[in-house]
Peer 1: 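Below you will find the structure I want to go over with you.
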Amino acid sequence: MAAVICGSLAFDTIMTFEGRFADQILPDQLHILNVSFLVPTLRRDFGGCAGNIAYSLNALGGTALPMATLGSDGATYLERMRSLGISTEFVRQLDDTFTAQAMIMSDVDNNQITAFHPGAMQQAHVTKVAAREDIKLGIIAPDGRDAMLQHAEQFAAAGIPFVFDPGQGLPMFDGEALRHFVDLASWVVVNDYEGKMLSQRTGWSLAEISRRVRGLVVTLAAEGCEIWTDGEREHVPGVVATEVVEPTGCGDAWRGALLFGLEKGWPLAQCAALGNKVGAIKIAQRGPQNYEIDRKALGV
């Protein structure tokens, strides 16, 4: 059984500010904001939501089919995925644009400021989702706007259940579009902030949203997550990490575990519990795709 992962492939430039953003930003001066942060450490990683989710699902033993677009500088990313045993059959490469780029800066409290250049991701809608016997599941992660809209319609038309995971792409859509996504989706996953925005824009409470899908998950970082099913809420506790090194990619690692569990037919709470464990493993390592998973220790 395979999962199609619609989203971005990107190069992440990751920087660490050895202070607190809150100490550098004056709340009453936001209208003339002009700040600079000294970042002693900097590195470049393979990233993007589709790549990160595929890495997690593959590491757990699942079959990931990322559907994404790379630019003229994407050859090394293709080579990396193939070396990991991740399929690239739905990955297109364009010659006239760059691969998407994310510039991510974290502070000591794991707050993040991100600048994102979409590049080739803006052409992600050209690749189509179609029914296939081995494809049993999908996810709509942050991607080009047209790709997110069209891939959701295509999943529904093909009868493939999918997770709607709008992430940083949520602000691109108004209430009508978001309500349509929810009605097409089988599951919805958001973090706490995104959950409030989704509820505000759709005009539906979290309980109402959960009645329209098989399940809604609100991730709460170290606190674990809330699962909403048929209007009822259940808390799945977080897992204490051995070390908190870097949060970049933790949400995507969690989503890879979610897909793994859904592929297995697990209850949503069991999927979420595995996601919390994988997220705790990831946060102890630098980079979104540099951690290792001991499947035997996780019982998978």
Side-chain angles (χ1 to χ4, degrees), residues 1-7 49-67 86-87 90 129-143 148 151-152 154-167 181-191 194-195 198 206 209-220 224-230 232-236 239 249-282 293 295 298-300:
M1 185 184 296
V4 174
I5 302 169
C6 299
C49 294
N52 297 344
I53 295 170
Y55 180 89
S56 172
L57 177 56
N58 183 69
L60 286 165
T63 302
L65 298 175
M67 181 173 286
I86 297 173
S87 170
F90 295 138
V129 174
R132 205 171 75 182
E133 187 174 351
D134 63 320
I135 298 173
K136 303 298 184 184
L137 188 64
I139 185 169
I140 300 289
D143 205 349
M148 293 179 72
H151 289 157
Q154 291 159 12
F155 273 130
I160 300 171
F162 72 93
V163 178
F164 177 48
D165 169 33
F181 274 122
V182 171
D183 285 338
L184 292 174
S186 298
W187 302 273
V188 176
V189 177
V190 288
N191 65 26
E194 294 158 0
L198 179 63
L206 296 180
I209 293 171
S210 74
R211 295 188 185 99
R212 294 175 174 272
V213 292
R214 299 187 196 178
L216 163 69
V217 182
V218 180
T219 61
L220 304 170
C225 58
E226 291 179 346
I227 290 176
W228 290 80
T229 308
D230 292 327
E232 299 295 324
R233 179 175 59 183
E234 176 184 357
H235 180 250
V236 180
V239 174
C250 285
D252 294 332
W254 190 98
R255 284 150 178 79
L258 171 69
L259 292 178
F260 179 82
L262 292 176
E263 282 185 350
K264 299 292 186 184
W266 292 359
L268 195 53
Q270 186 179 357
C271 300
L274 178 63
N276 292 347
K277 292 176 183 177
V278 174
I281 292 169
K282 192 276 123 201
I293 289 177
R295 293 173 57 191
L298 290 176
V300 298

Peer 1: Please tell me if the side chains of F181 and M148 come closer than 4.5 Å, counting only heavy atoms from C-beta onward.
Peer 2: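 Of all side-chain heavy-atom pairs linking M148 with F181, at least one is under 4.5 Å.
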Peer 1: Could you tell me the separation between the CE atom of M1 and the CG atom of D134, rounded to the nearest 0.5 Å?
Peer 2: 10.0 Å
Peer 1: Is there a side-chain contact (heavy atoms from CB on, under 4.5 Å) between V182 and L184 once you walk through the steps?
Peer 2: CA-CA 5 Å; V182 171; L184 292 174; over 6 Å; no
Peer 1: Could you tell me whether the side chain of L57 reaches within less than 4.5 Å of the side chain of T63, counting heavy atoms only?
Peer 2: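 T63 vs L57: side chains apart.
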Peer 1: Are any of the side-chain heavy atoms of T229 and E234 separated by less than 4.5 Å?
Peer 2: no
Peer 1: Measure the CD1-CG distance between I209 and L216 for me, rounded to the nearest 0.5 Å.
Peer 2: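 Reported to 0.5 Å precision, the distance equals 6.0 Å.
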Peer 1: Once you round to the nearest 0.5 Å, how far does CG of N276 lie from SG of C250?
Peer 2: 11.0 Å
Peer 1: Does the plane of the ring in F155 sit parallel, tilted or perpendicular to the ring in F162? Use 30° and 60° as the thresholds.
Peer 2: parallel
Peer 1: What are the two closest non-hydrogen atoms of A185 and V213, and how far apart are they?
Peer 2: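 In this case the closest contact between A185 and V213 is O-CG1, 3.6 Å.
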Peer 1: Under a 4.5 Å cut-off applied to non-hydrogen side-chain atoms, are I139 and L259 in contact?
Peer 2: yes
Peer 1: Mind checking whether E226 and L220 have side chains closer than 4.5 Å, heavy atoms only?
Peer 2: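 Sidechains of L220 and E226: in contact.
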Peer 1: Looking at I5 and A64, what are the two nearest heavy atoms and their distance?
Peer 2: CD1-CB, 3.8 Å
Peer 1: If I compare all heavy atoms of A158 with all of A131, which pair ends up nearest, and what's the gap?
Peer 2: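 A158 and A131 have their closest heavy atoms at CB-N, 3.7 Å.
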Peer 1: Would you check, one step at a time, whether the test side-chain contact (heavy atoms from CB on, under 4.5 Å) holds for V188 with L198?
Peer 2: CA-CA 10 Å; V188 176; L198 179 63; 3.9 Å; yes
Peer 1: What heavy-atom pair brings C225 and A272 nearest, and what distance separates the two atoms?
Peer 2: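 Result for this residue pair: SG-CB, 3.5 Å.
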Peer 1: Taking atom NZ of K136 as the centre, does the number of heavy atoms from other residues, nucleotides or ligands within less than 6.0 Å exceed 12?
Peer 2: yes
Peer 1: To the nearest 0.5 angstrom, please state how far the NZ atom of K264 sits from the CD atom of Q270.
Peer 2: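 That separation rounds to 11.0 Å.
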Peer 1: Would you compute the distance between atom CD of Q154 and atom CE of M67 and round it to the nearest 0.5 angstrom?
Peer 2: 7.5 Å
Peer 1: Nearest heavy-atom pair of P161 and S186: which atoms, and what distance?
Peer 2: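 Reported closest heavy-atom pair: CB-OG, 3.3 Å.
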Peer 1: Supply the atom-to-atom distance C271 SG to L262 CG, rounded to the nearest 0.5 angstrom.
Peer 2: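 Answer rounded to 0.5 Å: 4.5 Å.
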Peer 1: Is any side-chain heavy atom of D230 less than 4.5 Å from a side-chain heavy atom of S210?
Peer 2: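 A side-chain contact under 4.5 Å is absent here.
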Peer 1: Can you tell if the side chain of W187 reaches within under 4.5 Å of the side chain of V217, non-hydrogen atoms only?
Peer 2: no
Peer 1: If I compare all heavy atoms of A257 with all of V278, which pair ends up nearest, and what's the gap?
Peer 2: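 Answer, listing the atom of A257 first, then V278: CB-CG2, 4.0 Å.
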Peer 1: Please lay out, stage by stage, how I140 and D165 fare under the test side-chain contact (heavy atoms from CB on, under 4.5 Å).
Peer 2: CA-CA 6 Å; I140 300 289; D165 169 33; over 6 Å; no
Peer 1: V163 versus R255: any side-chain heavy-atom pair under 4.5 Å?
Peer 2: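 Heavy-atom side-chain distance check fails, nothing below 4.5 Å.
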Peer 1: Set out, in order, the CA-CA distance, both residues' side-chain angles and the distance that settles side-chain contact (heavy atoms from CB on, under 4.5 Å) for R233 and I227, then state yes or no.
Peer 2: CA-CA 6 Å; R233 179 175 59 183; I227 290 176; over 6 Å; no
